[in-house]
Structure formats: structure tokens, C-alpha cells
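Read the structure below first, then the notes.
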Amino acid sequence: KEEVAARLKSAEELVAFRAAAAAEAVRRRCAAALAMVNTSSAALRESEAAMIDMAGGAGKLSLLQRGFQSREEFLDFAARRYGNAARLWFAIDPEESMKIGAMQFARACEDIGYRGNVAALWRYLDLDQSGHVTLQEIDPSCAILLADFKLFLAERCSGSIAVFIRALGDRSNRWQKADFVAKVQELGYRGSAKRLFDLLARTGFGLVSSKDLGFLERWNPPAYLLSQPDAPLLESMKSALLAQHSNLLRAWMRDLDKARNMRATWEDWMDMCIRLLQKSPGAALPKTERQLAATWRVLDKDCSGWIALRHFDRASFLCLAAVKRWVDAMHGGLVSKALRSVAAPRTGTHISEVGRSAYQTLESPPCASVAQVSRKSLKSVLRKDVGLSREELEMFFVGLDLRDDRLVSESDLKFLERWDIAWEDWVTSTDRVKQLPEAKRSSVASLHSDTESMESPKR
């Protein structure tokens with residue numbers, strides 16, 4: 001009896017020791033996660049300060065800047081709460097429709113405990129104003145990996161999940177990470193199988209089931225997610241555009257960005273390409289959706305679903321951006337004020353009656369009158385004050401369809417006021433700043449995965 005009692009006591013001490021060790025491990029991991037979250041929050045504060053600085057130190061972020069920041073916070077929330085954005089997506093889209101509307105999105109954010117700026121987040125995610133958002137708009141990297149796996153299934157298993165499951169050779173229809181990774185690699189998958197598993201294992205129990213794969217058969221991602229970039233084909237398209245237009249800025253304004261939002265979507269691109277093909281049937285142009293997608297993929301490198309002028313043609317962007325920055329820096333971002341300065345008597349240029357009235361009442365509200373100037377006077381100012389070359393001036397006036405026989409009015413350039421170039425500059429130039437939150441998201445996701453594997457036997 002004494003020997004049995006001693007063994008029982010020893011077993012109890014061992015169990016207590018292991019429980020204490022496990023609790024300490026969890027405590028340390030939680031402390032590490034909290035430190036990462038705090039560091040990530042600090043990075044977001046730094047990024048906000050950087051955005052304000054890019055906006056001219058006004059201390060107020062634009063709609064796009066607030067939206068971008070909200071998306072970063074949302075991705076950090078996804079990493080902390082779910083491990084990655086794909087798991088979060090299936091929490092807010094349980095029916096696996098792969099797109100959700102505004103009301104469902106707002107309710108889902110409340111249900112999962114997200115307390116950020118949902119309104120700013122939605123406006124940013126729904127930049128194409130389609131009325132719904134997708135996983136791709138929340139985290140393109142997740143959508144790209146899942147689309148790549150869907151393409152693999154189409155090529156290797158005819159797109160059938162049932163065929164894929166049979167190829168895995170496990171009747172339980174449930175796979176742990178090591179087994180899943182090994183088997184998909186044996187089948188020829190060349191992507192990141194470990195990352196793929198993390199995205200598919202949505203329940204957080206360290207397993208992928210056949211049910212987790214079903215959405216792949218129903219999901220119809222945009223064609224460009226399933227395509228590889230084709231730069232030579234894109235250059236052929238640009239050559240055809242130049243044959244129709246004098247320069248690519250004119251092509252952008254007339255065929256791609258007709259609303260002058262300074263952004264173009266995948267749908268805009270398809271429409272333009274179809275019209276181009278109709279006008280140039282014999283040219284070496286993309287003739288299938290997949291070929292169109294391959295040209296788009298060259299421009300939309302992160303698969304966000306939209307591009308800016310700087311992605312389409314850098315020379316056109318630099319020319320127009322110089323004018324935009326001049327309007328912002330010298331005239332408070334107001335086109336009317338810029339044109340009135342051009343029409344000032346000291347310039348010795350033609351002043352229309354409307355323009356003269358506007359100039360004489362500079363202190364009046366900008367909407368009180370509409371400024372107009374001659375093309376010649378505006379060209380002189382853009383050459384002297386902005387520093388545009390002869391070629392750039394030609395690009396500017398031809399690109400905006402400003403002919404010699406008419407005055408340049410406020411409405412011709414009004415779109416410059418809506419162009420949030422500070423946000424574009426910030427997003428483009430702060431890859432280093434953006435890497436820190438991304439690194440924290442990856443670290444927290446790894447911690448989340450490790451914690452799951454440690455706790456899964458208890459569950």
C-alpha cells in the first residue's frame with residue numbers, strides 16, 4: 001500500500017509539474033503576443049504620423065489615408081484573433097459566398113468583436129464601389145495563394161475536391177499539418193504548402209477537413225488571380241493605344257479613367273481592351289480573358305483590383321503629378337485659385353471677363369465664380385513655375401484634350417483637387433514602414449499556430 005501511495009503521489013506531482021509548465025508556457029506566449037501587439041500599434045502610430053507629414057503636416061488624414069490605416073488595423077486584428085485573414089474571412093462569411101455586402105460586413109465586425117473604424121474600412125475596401133467586398137480586397141496575399149491552389153486543383157484534379165481527397169489517400173478526410181503538407185507536395189504543388197494549410201485550417205484545431213476545401217469548387221476569383229504577368233503583351237497594347245492617341249495620358253483619360261478618379265479597376269481595363277481590339281483587329285493584342293488578365297497582372301502587382309496612373313505610365317504620372325503638386329503647394333489645392341493666379345494682370349496674358357471677375361475677388365469663396373485662362377498663358381506658367389519641358393507640356397495639353405482654340409476652365413482641371421496623391425506617395429514610398437506591421441502579423445500568426453498545436457490535445 002505504501003508503494004502504491006508513493007507511486008500515486010509521484011504521478012500527481014508529475015501531472016502538477018507538467019500543468020504548471022504548460023501554464024507558464026502559455027503565459028510567456030501571451031506576454032510575447034501582447035508585446036507584439038503593442039509594437040504593432042506603435043508602428044501604426046508612426047505610420048499615421050508619416051501620412052500626416054506626407055499630407056503637408058495638416059494633422060488631418062484624408063479618407064483614403066484613414067481607410068488604409070483602418071485596413072492595417074483590421075489585418076492586425078485578424079492576426080491576433082484568428083491567425084490570418086483567411087480564417088477571419090470565413091468567420092464573417094460562414095456561407096462561403098466569397099463576397100459580402102455592407103450591412104453583413106458591419107454586423108459581422110460587431111459579432112467578431114472588431115471595434116475599429118468600420119465605416120472608413122468599408123469605404124477603403126470597396127474602392128470600386130461594387131457594393132460588396134471580397135477576401136482579395138481585405139488581404140490580396142491570401143487570395144493569391146488560395147487562387148493558385150485552385151489553379152493547381154484544376155490542372156491536377158480537374159478542379160474536383162473529391163478527386164483531390166482521393167489522391168490524398170486518407171479516408172478520415174481530416175489531415176494534420178505535416179501530413180497535408182507532405183501529400184500536396186507529393187502531388188506536385190509548388191506553392192507554400194505550410195502557409196496554404198494555415199489558411200485552410202479555419203477552425204483553429206490544427207486540422208484541415210474536406211469541408212474546409214469545398215468553397216474552392218464554388219469560388220470564381222477574378223481571372224488575373226489565376227494568371228501570370230505578360231509584360232511583352234502589355235507593351236503591344238500600349239503601342240496600339242499610342243497609335244490611336246497621341247500619348248498614354250490621353251489614352252488613360254479618354255479610355256481608362258473616364259470619371260477622372262485617378263484610379264482604374266479591372267473592369268475598366270477589360271472594357272478598354274475590348275474597344276481597343278475592335279478598333280485594331282489585326283494588332284498583336286490580347287484576345288482572351290486570360291491574356292487580358294496577364295497584361296493587368298503586370299500593372300496590378302499586388303492584385304488589389306485597381307491601378308493608378310503611376311502604374312500605367314510613369315512619364316504621364318510625373319507630368320501630371322508636377323502640376324498637381326504645384327496646385328497643392330502654391331494654391332492650397334484649389335484649381336480656381338491657381339487659374340486666377342495665371343490670369344493675374346502681372347502675367348500680361350489674356351483674362352476672360354469671368355476670370356477677371358474672379359481675380360478681382362480673390363477673397364470671395366472659390367465657388368463664387370469660375371476662372372478661365374488661355375492655353376498660352378497656362379503653358380507659360382507651367383513652363384516657368386512648374387518646370388515642365390516642351391515635351392511634357394505637349395503631353396499635358398494633348399492628354400487632357402485642351403485645344404489651342406479654347407480657354408482652359410476650372411472644370412478641365414477640377415479632378416486634380418480630388419486626386420489624393422499624398423496617399424499614393426505614402427503607400428508607394430513606405431514599404432519599409434509597412435513591413436513592420438506585416439512582420440508582426442506574421443509573428444503573431446506563427447504564435448497563434450504554435451499555441452493551437454500545444455493546446456489541441458486538450459481539446
Test of understanding: with ring pair (Phe, Tyr, Trp, His ring centres under 6.0 Å), list the residues that count as partners of H132, not counting sequence neighbours. none
Let me know which of L320, V335, N261 forms a side chain to side chain contact (heavy atoms under 4.5 Å, CB included) with F415. L320
If we only count heavy atoms from C-beta on, is the R66 to Y124 side-chain gap below 4.5 Å? no
For A102 and W122 the tightest heavy-atom approach is N-CH2, 3.3 Å
Are any of the side-chain nitrogens in D76 or R71 under 4.0 Å away from the carboxylate oxygens of its partner? no
Side-chain touch F215/D93, heavy atoms, less than 4.5 angstrom: no
For the CZ atom of F197 and the CG atom of D212, what is their distance to the nearest 0.5 Å? 9.0 Å
Kindly indicate, with the supporting measurements, whether the criterion side-chain contact (heavy atoms from CB on, under 4.5 Å) is fulfilled by V118 and F105. CA-CA 9 Å; V118 176; F105 182 77; 4.1 Å; yes
Can you confirm whether more than 12 heavy atoms, excluding those of R314, are under 6.0 Å from its CZ atom? no
When the side chains of residues 154-168 are checked against the rest of the protein, which donor-acceptor pairs come out under 3.5 Å, sequence neighbours left out?
{"unit_1": "R156", "atom_1": "NE", "unit_2": "L187", "atom_2": "O", "d": "3.2"}
{"unit_1": "S160", "atom_1": "OG", "unit_2": "A162", "atom_2": "N", "d": "3.3"}
{"unit_1": "S160", "atom_1": "OG", "unit_2": "V163", "atom_2": "N", "d": "3.2"}

Any pair counted as side-chain hydrogen bond (donor to acceptor under 3.5 Å, both in side chains), so long as it reaches residues 287-300, sequence neighbours left out: W269-T295, W296-D300, D300-S304
Separation between CG of L199 and CG of L135, rounded to the nearest 0.5 Å: 8.5 Å
Please answer whether the main-chain N or O of R260 pairs with a side-chain N or O of R418 as donor and acceptor at a distance below 3.5 Å. yes
D139 CG to L88 CG distance, which is reported to the nearest 0.5 Å: 10.0 Å
Given F312 and F317, is the ring-ring contact (aromatic ring centres under 6.0 Å, His included) satisfied, shown in steps? CA-CA 8 Å; F312 178 67; F317 163 75; over 10 Å; no
Using only atom types and a distance under 3.5 Å, with no angle test, would you say the side chain of D179 pairs donor to acceptor with the backbone of Q176? no
E110 side chain to R107 backbone, donor-acceptor under 3.5 Å: no
Do Q69 and L121 pass the side-chain contact (heavy atoms from CB on, under 4.5 Å) test, and can you show the C-alpha distance, the side-chain angles, and the key distance before you say yes or no? CA-CA 8 Å; Q69 186 182 42; L121 175 62; over 6 Å; no
Whether over 12 other heavy atoms sit under 6.0 Å from K99 NZ: no
side-chain hydrogen bond (donor to acceptor under 3.5 Å, both in side chains) partners for K194, two or more places apart: none
Can any side-chain N or O of D257 pair as donor or acceptor with the backbone N or O of W252 at less than 3.5 Å? no
Work out which heavy atom in F74 is nearest to a heavy atom in C109; give both atom names and the distance. CE1-SG, 4.1 Å
Has K301 got a side-chain atom pairing as donor or acceptor with V298's backbone, closer than 3.5 angstrom? yes
Please list all pairs passing the side-chain hydrogen bond (donor to acceptor under 3.5 Å, both in side chains) test where one or both residues lie in residues 223-239, with sequence neighbours left out. Q136-Y224
Check V398 against S246 and note the closest heavy-atom contact, atom names and distance. CG1-CB, 3.5 Å
Pairing of K324 and D328 as salt bridge, 4.0 angstrom limit: yes
Find the distance between OG1 (T134) and CD1 (I100) and round it off to the nearest 0.5 Å. 9.5 Å
For W419, check side-chain hydrogen bond (donor to acceptor under 3.5 Å, both in side chains) against everything at least two apart and list the hits. E424
For A86 and N84 the tightest heavy-atom approach is N-OD1, 3.1 Å
D198/K177 ion pair, N-O < 4.0 Å: yes
Which residues pass the salt bridge (Lys or Arg N to Asp or Glu O under 4.0 Å) test with R115, not counting sequence neighbours? none
Who pairs with A193 by side chain to side chain contact (heavy atoms under 4.5 Å, CB included), at least two apart in sequence or on another chain? V181, V184, Q185, Y189
Might you point out which heavy atoms bring A201 and L207 nearest each other, and give the distance in Å? CB-O, 3.5 Å
Whether R202 and E96 form a salt bridge (side-chain N of Lys/Arg under 4.0 Å from carboxylate O of Asp/Glu) is what I want to check. yes
Sub-3.5 Å donor-acceptor pair from the side chain of H245 to the main-chain atoms of L242, do we have one? no
Step by step, work out the side-chain contact (heavy atoms from CB on, under 4.5 Å) result for L413 and V323. CA-CA 10 Å; L413 305 179; V323 179; 5.6 Å; no
D126 side-chain N/O to S130 backbone N/O, donor-acceptor pair under 3.5 Å: yes
Could you work out, with ring pair (Phe, Tyr, Trp, His ring centres under 6.0 Å) as the rule, every residue matching W219, not counting sequence neighbours? none
Which residues share a side chain to side chain contact (heavy atoms under 4.5 Å, CB included) with A338, sequence neighbours left out: W326, V327, H331
Pairing of D425 and R325 as salt bridge, 4.0 angstrom limit: yes
Do D401 and M253 have side chains that get closer than 4.5 Å, going by heavy atoms? no
One should read off an interatomic distance between Q244 CD and D255 CG, to the nearest 0.5 angstrom, of 6.5 Å
Can you find a heavy atom in the side chain of L233 that is under 4.5 Å from one in the side chain of L285? no
Looking only at heavy atoms, the pair that brings L145 and R195 closest together is CD2-CG, 3.2 Å
Cation-pi check for Y82 against R87: NZ or CZ below 6.0 Å from the six-membered ring centre and within 45 degrees of the axis, yes or no? no
Could you state the interatomic distance from CZ (R250) to CG (L241), rounded to the nearest 0.5 Å? 12.5 Å
Qualifying residues under side chain to side chain contact (heavy atoms under 4.5 Å, CB included), relative to R263, sequence neighbours excluded: L64, L127, W306
Run the side chain to side chain contact (heavy atoms under 4.5 Å, CB included) test against D412 and tell me which residues pass, sequence neighbours left out. L402, R406, V408, S409
Could you go through T265 and I307, starting from their C-alpha distance and side-chain angles, then the distance that decides it, and tell me whether this counts as side-chain contact (heavy atoms from CB on, under 4.5 Å)? CA-CA 6 Å; T265 65; I307 59 171; over 6 Å; no
Would you indicate whether the side-chain heavy atoms of D313 and L249 approach each other to under 4.5 Å? no
